[in-house]
**Q** 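My structure is below; once you've seen it, I'll send some questions.
Residues: numbered from 1 along the sequence shown. The shown structure was predicted, so the numbers you read here are calculated from the model rather than taken from an experiment.
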Amino acid sequence: MNNMIRAWFLVVMASACLLCGCKQDPAMLKVSTNEVDFGTIRLQDGMVQHVDIDCENTGDKTLRFKPVFTDCSCTTVTLPADTLKGGEKMTVSIDVNYFGFRPGDHHSTVKLLTNSKGGTEEIVLKSKIVPNQ
């Protein structure tokens with residue numbers, strides 16, 4: 001009888017652990033936009049374009065940012081923190097320096113790597129550079 005009580009206790013505890021684990025959502029990164037269009041930029045109007053992207057951890061677990069990748073050395077990203085607790089928000093600053101660019105359409109990508117369920121959020125930055133007149 002004693003072994004039967006222990007077995008029943010283990011089944012109840014295992015079920016409770018599974019149920020508690022299912023109620024907690026993993027870390028989930030939500031960004032305010034995945035595409036920024038700076039529009040037409042005249043080279044004389046200023047070389048650096050700036051945008052702030054709002055980020056939120058919509059999950060329960062802590063979101064951890066890994067290194068940020070950009071496909072252009074012209075793009076810099078500033079993260080105010082390396083982690084976001086569940087429900088927390090922060091603003092990510094992105095600057096694109098168009099100095100030395102030739103006229104034409106330009107696209108660059110920022111990749112925010114995290115431990116979230118999706119793993120990566122990509123933000124595409126678009127612009128059309130026109131010559132000075």
Side-chain angles (χ1 to χ4, degrees):
M1 181 82 160
N2 205 8
N3 287 338
M4 191 172 190
I5 292 173
R6 270 190 237 153
W8 178 249
F9 179 76
L10 288 174
V11 167
V12 169
M13 291 304 292
S15 299
C17 289
L18 287 173
L19 288 174
C20 289
C22 293
K23 288 183 181 180
Q24 206 174 40
D25 291 330
M28 293 292 296
L29 177 60
K30 179 182 175 186
V31 295
S32 57
T33 185
N34 290 95
E35 185 174 300
V36 176
D37 190 346
F38 290 118
T40 301
I41 301 170
R42 293 197 181 279
L43 291 177
Q44 71 219 29
D45 291 342
M47 297 298 147
V48 178
Q49 297 296 309
H50 175 84
V51 66
D52 288 329
I53 304 292
D54 295 324
C55 296
E56 179 181 5
N57 179 0
T58 60
D60 295 327
K61 294 185 180 179
T62 299
L63 179 78
R64 299 186 195 296
F65 286 89
K66 298 175 183 178
V68 175
F69 290 99
T70 63
D71 61 358
C72 179
S73 62
C74 63
T75 306
T76 57
V77 180
T78 304
L79 295 173
D82 292 339
T83 61
L84 280 178
K85 293 180 182 176
E88 284 187 333
K89 299 177 183 180
M90 74 175 180
T91 301
V92 174
S93 296
I94 301 173
D95 291 305
V96 182
N97 186 344
Y98 288 105
F99 180 78
F101 273 50
R102 295 181 183 191
D105 292 329
H106 293 279
H107 297 105
S108 61
T109 304
V110 172
K111 292 183 181 182
L112 301 174
L113 303 177
T114 68
N115 66 322
S116 69
K117 186 175 180 180
T120 303
E121 280 289 337
E122 288 190 5
I123 302 166
V124 176
L125 309 167
K126 296 179 177 183
S127 60
K128 180 176 183 168
I129 306 298
V130 294
N132 294 335
Q133 292 183 356

**Q** Quick check: does any side chain N or O of Asn115 sit under 3.5 Å from a backbone N or O of Gly119, one acting as donor and the other as acceptor?
**A**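 Checking the backbone N and O of Gly119 against the side chain of Asn115, no donor-acceptor pair under 3.5 Å is found.
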
**Q** Strictly by disulfide bond (SG atoms under 2.5 Å apart), give each pair with a member in residues 97-133 just once, sequence neighbours left out.
**A**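 Every candidate disulfide bond (SG atoms under 2.5 Å apart) pair involving residues 97-133 fails, so no pair, neighbours aside, qualifies.
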
**Q** If we ignore hydrogens and angles and just use 3.5 Å, is the side chain of Asn57 paired with the main-chain N or O of Ala27 as donor and acceptor?
**A**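 Not a single qualifying donor-acceptor pair exists.
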
**Q** Holding to side chain to side chain contact (heavy atoms under 4.5 Å, CB included), I want the full list of residues that pass it with Ser116, two or more places apart in sequence or in another chain.
**A**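 Ser116: side chain to side chain contact (heavy atoms under 4.5 Å, CB included) contacts with Leu29, Leu63, Thr114.
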
**Q** Decide yes or no on side chain to side chain contact (heavy atoms under 4.5 Å, CB included) for Ile41 and Tyr98, but give the supporting numbers first.
**A** CA-CA 9 Å; Ile41 301 170; Tyr98 288 105; 3.6 Å; yes

**Q** With sequence neighbours left out, what residues match Thr78 under side chain to side chain contact (heavy atoms under 4.5 Å, CB included)?
**A**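 Per chain and number, Thr78 pairs via side chain to side chain contact (heavy atoms under 4.5 Å, CB included) with Ser93.
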
**Q** Are the side chains of Thr75 and Ile94 in touch, meaning some heavy atoms are under 4.5 Å apart?
**A**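 Touching, per the 4.5 Å side-chain cut-off.
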
**Q** Under the 4.5 Å side-chain heavy-atom rule for ILVMFWY, direct or indirect, which residues accompany Met28?
**A**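 Grouped by the 4.5 Å side-chain rule, Met28 forms a cluster of one, so the answer is none.
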
**Q** Restricting to pairs with a member in residues 70-133, which pass disulfide bond (SG atoms under 2.5 Å apart), not counting sequence neighbours?
**A**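 Checked against disulfide bond (SG atoms under 2.5 Å apart) - neighbours excluded - the pairs reaching residues 70-133 are Cys72-Cys74.
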
**Q** Taking only residues two or more places apart in sequence or in another chain, which ones pass side-chain hydrogen bond (donor to acceptor under 3.5 Å, both in side chains) with Glu121?
**A**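 With sequence neighbours excluded, Glu121 shows a side-chain hydrogen bond (donor to acceptor under 3.5 Å, both in side chains) to Asn34, given in chain and number order.
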
**Q** Quick one, Ser127 with Thr40, criterion side chain to side chain contact (heavy atoms under 4.5 Å, CB included). Give me CA distance, side-chain angles, the key distance, then yes/no.
**A** CA-CA 6 Å; Ser127 60; Thr40 301; over 6 Å; no

**Q** Give the C-alpha distance, both sets of side-chain angles, the deciding distance and a yes or no for side chain to side chain contact (heavy atoms under 4.5 Å, CB included) between Val77 and Thr70.
**A** CA-CA 8 Å; Val77 180; Thr70 63; 3.9 Å; yes

**Q** Please say yes or no: joined through hydrophobic side-chain contacts below 4.5 Å, possibly via intermediate residues, are Phe99 and Val130 part of one cluster?
**A**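 Cluster IDs for Phe99 and Val130 differ.
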
**Q** Determine whether Phe69 and Val110 make a side-chain contact, defined as any pair of heavy atoms from C-beta on separated by less than 4.5 Å.
**A**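 A side-chain contact is absent here, since even the closest heavy-atom pair is not under 4.5 Å.
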
**Q** Just jot down the side chain to side chain contact (heavy atoms under 4.5 Å, CB included) partners of Lys66, sequence neighbours excluded, or say none.
**A**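 By the side chain to side chain contact (heavy atoms under 4.5 Å, CB included) rule, Lys66 matches Leu113.
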
**Q** Measure the CG-CD1 distance between Leu79 and Ile53 for me, rounded to the nearest 0.5 Å.
**A**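 One finds 12.0 Å between CG of Leu79 and CD1 of Ile53.
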
**Q** Within the 4.5 Å heavy-atom criterion, are Thr109 and Ile123 side-chain neighbours or not?
**A**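 No; the side chains remain at least 4.5 Å from each other.
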
**Q** Do Val92 and Val124 belong to the same hydrophobic cluster, where Ile, Leu, Val, Met, Phe, Trp and Tyr are linked whenever their side-chain heavy atoms lie under 4.5 Å apart, directly or via other members?
**A**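 No: no chain of side-chain contacts under 4.5 Å links Val92 to Val124.
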
**Q** Applying side-chain hydrogen bond (donor to acceptor under 3.5 Å, both in side chains), can you list everything that pairs with Asp54, at least two apart in sequence or on another chain?
**A**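 Asp54 satisfies side-chain hydrogen bond (donor to acceptor under 3.5 Å, both in side chains) with Thr91 only.
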
**Q** Checking His107 now: which residues fulfil side chain to side chain contact (heavy atoms under 4.5 Å, CB included) with it, not counting sequence neighbours?
**A**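 With neighbours one apart ignored, the set is Lys126.
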
**Q** State which residues pass ring pair (Phe, Tyr, Trp, His ring centres under 6.0 Å) with Phe38; sequence neighbours excluded, sorted by chain then number.
**A**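 Applying ring pair (Phe, Tyr, Trp, His ring centres under 6.0 Å) to Phe38 gives none.
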
**Q** Does Lys111 have any salt bridge (Lys or Arg N to Asp or Glu O under 4.0 Å) partners at least two apart in sequence or in another chain, and if so, which?
**A**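 Residues passing salt bridge (Lys or Arg N to Asp or Glu O under 4.0 Å) with Lys111: Glu122.
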
**Q** Enter the distance from Arg42:CZ to Ile129:CD1 here, rounded to the nearest 0.5 Å.
**A**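 Atom-to-atom, Arg42:CZ and Ile129:CD1 are 11.0 Å apart.
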
**Q** Could you give the distance from CG (Leu84) to CZ (Arg64), rounded to the nearest 0.5 Å?
**A**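 Answer for the CG-CZ pair, Leu84 versus Arg64, is 11.0 Å.
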
**Q** Looking at every non-hydrogen atom in both residues, tell me the closest pair between Gly87 and Glu56 and how far apart they are.
**A**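 Residues Gly87 and Glu56, closest heavy atoms: O-OE2, 4.2 Å.
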
**Q** Does any pair with a residue in residues 71-96 pass salt bridge (charged side-chain N to carboxylate O under 4.0 Å, His left out), and if so which ones, sequence neighbours excluded?
**A**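 Checked against salt bridge (charged side-chain N to carboxylate O under 4.0 Å, His left out) - neighbours excluded - no pair reaches residues 71-96.
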
